[in-house]
Amino acid sequence: MQDNKVYRAHVLVLPYPGQGHINPMLQFSKRLASKGLKVTFAITLFISKSFNVPQLSESVQIETISDGCDEGGFAEAESVHAYLKNMEASGSKTLAEIITKHRSSSNPIGCIVYDPFLYWALDVGKKFGLVGAPFFTQPCAVNYVYYLVHRGLLKLPLMETPVSIPGLPLLELQDMPSFIYVQEQYPAYFEMLLNQFSNSDKADFALVNTFYNLEPEVVDSMSKFFPLILTIGPTIPSFYLDNREENDKDYGLNLYKLDTSICTNWLNTKPERSVVYVSFGSLTCLSNEQMKEIAWGLKQSNFYFLWAIRASEESKLPEQFVEEIGDEGLLVKWSPQLEVLSNKALGCFFSHGGWNSTIEAMSLEVPMVVMPKWTDQPMNAKFVEDIWKVGIRVRVDEEDGVVKREEIENCIREVMEGERGREIRNNSKKWRDLAIESVNEGGTTDKNIDEFVSELMN
Ligand code: UDP
């Protein structure tokens, strides 16, 4: 579509093709558009062919690149390593084609905001003289740890615990990102996370989906080494925070089929603060044993629960469970998570501690029970429990590594009705207020976005 409108600048935004990366980067794109910028949001051909991709607005246009797996996406690749290599080769080429195509238009692309999981995008952008900004979808604390490892300032394997890093609380092994303490768990992913910083000295800014008050010491500490950081979160639709943008209630691009009205109709029949919402995000796969413990732990806790279970996990539910829960529980494949979290019936979010889920719960004042599995989740859980004090982390049985049903039941009870739950609810309120303050006019996030936009004008 020919767009002759004159914009303040044109930004190309490139997320890693996963739900937890698309959501915050798309939301950030909408913010840029609201400040008078044009955004080209690049998704993979596979996503564009396989899912319902809506027309967002005139200012945010979707275009496609290739990840080298146009027919089957990630599932088509032989391994994580193979996928990342395919994506680098085909992605670099097709990204360059998008930039070239717009060069002769009335709005040439002047900046690339890219997911640093795809660090090579910066090299492509720089070849065309673009401003480059990695967009970190994980919190600053986690990025800082990877940065220190990448620079050789934190040596692995860790010989002594707790680990002391200026700007971070003392960390036991299980409080670090999982790749630091489970050696060789997913070497290709770990390499990708360290590579985020392989060319970042050429970047002009680093955007992080967090807000300053959430991690002030970490942001300040990391900024001493890496002076480009702008905290621009929480990137959740405006309706739930500042309500400054019209019609901004959804992220807008779901890689799963939504069960919206089923969830809201069911929640609307439940009393205030009576429901536990359960979701482990878009990627986490649990063992059959762990699913069984969660199912019976929920049942035993005797609260209502709404559980979003992806189709690929459903077969792991124990026999008889679905028959036994009756109206006490609702199982859906994918929920409208923000709508669910903001429903008055919600009392607690039992989550995997994925960063989007965590910052969404904090922004919507929902206390958490966290069962981290891997990557940044253990570190997020440490902050949820000990620093922000907005939830409880479940303890894993040391013998078999499974979180038992009694533990799940006890943690849910504690958050829903215990003394600690009261304290957690008070803290949750405080963090929601601070999240709103940061995105409101003049807040740290708002100012940082303005700074970013005005630098693009120079
Ligand atoms: N989400 C959703 N419905 C669901 C489960 C998750 O809309 O049933 C969204 C959620 O709001 C979040 C994203 O999917 O924005 C998951 O990101 P997160 O970082 O929490 O976890 P990941 O999927 O990356 O492990």
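Both backbone and side-chain heavy atoms feed into the values below; hydrogens, waters and symmetry mates do not. Numbering of ligands and ligand atoms starts at 1, following listing order.
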Do the charged groups of [X] and [Y] touch, with an N to O distance under 4.0 Å?
X	Y	value
R31	D242	yes
E409	R413	yes
R395	E385	yes
D446	K35	yes
K49	E71	yes
E58	K38	no

(message) Checking a contact table here: which protein heavy atom is nearest atom 19 (O) of ligand 1, and how many Å away?
(response)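 Checking every protein heavy atom, the shortest distance to atom 19 (O) of ligand 1 gives N356 ND2, 2.9 Å.
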For [X], atoms of ligand 1 separated by under 4.0 Å from a heavy atom:
X	result
G20	17 (O), 24 (O)
S282	22 (P), 23 (O)
S279	5 (C)
H352	20 (O), 21 (O), 22 (P), 25 (O)
A308	8 (O)
W355	19 (O)
G281	23 (O)

(message) So for ligand 1, is N23 a polar contact partner (N or O within less than 3.5 Å, distance only)?
(response) yes
(request) Return the option from Q377, H21, Q19 holding the heavy atom at the smallest distance from atom 14 (O) of ligand 1. (result)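 That would be Q19.
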(message) Regarding atom 16 (C) of ligand 1: of the candidates G354, S357, S335, which has the closest heavy atom?
(response)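 Nearest option to atom 16 (C) of ligand 1, by heavy atoms: S357.
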Using a 4.0 Å heavy-atom threshold (strictly under), name the region of [X] that reaches ligand 1: side chain, backbone, both or neither.
X	result
W334	both
Y277	side chain
Q337	both
E360	side chain

(message) What I want to check is whether the side chains of W334 and N254 have a donor and an acceptor closer together than 3.5 Å.
(response) yes
(request) Say whether, by atom type as modelled, one donor and one acceptor occur between the side chain of W266 and the main chain of G329 under 3.5 angstrom. (result) no
(message) Under a 3.5 Å distance rule, please check whether D376 uses its side chain to pair with a backbone N or O of P139 as donor and acceptor.
(response) no
(message) Quick check with a 6.0 Å cut-off and a 45 degree axis cone: is K429 positioned over the face of W431's six-membered ring?
(response)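 No, K429 does not lie over the aromatic ring of W431.
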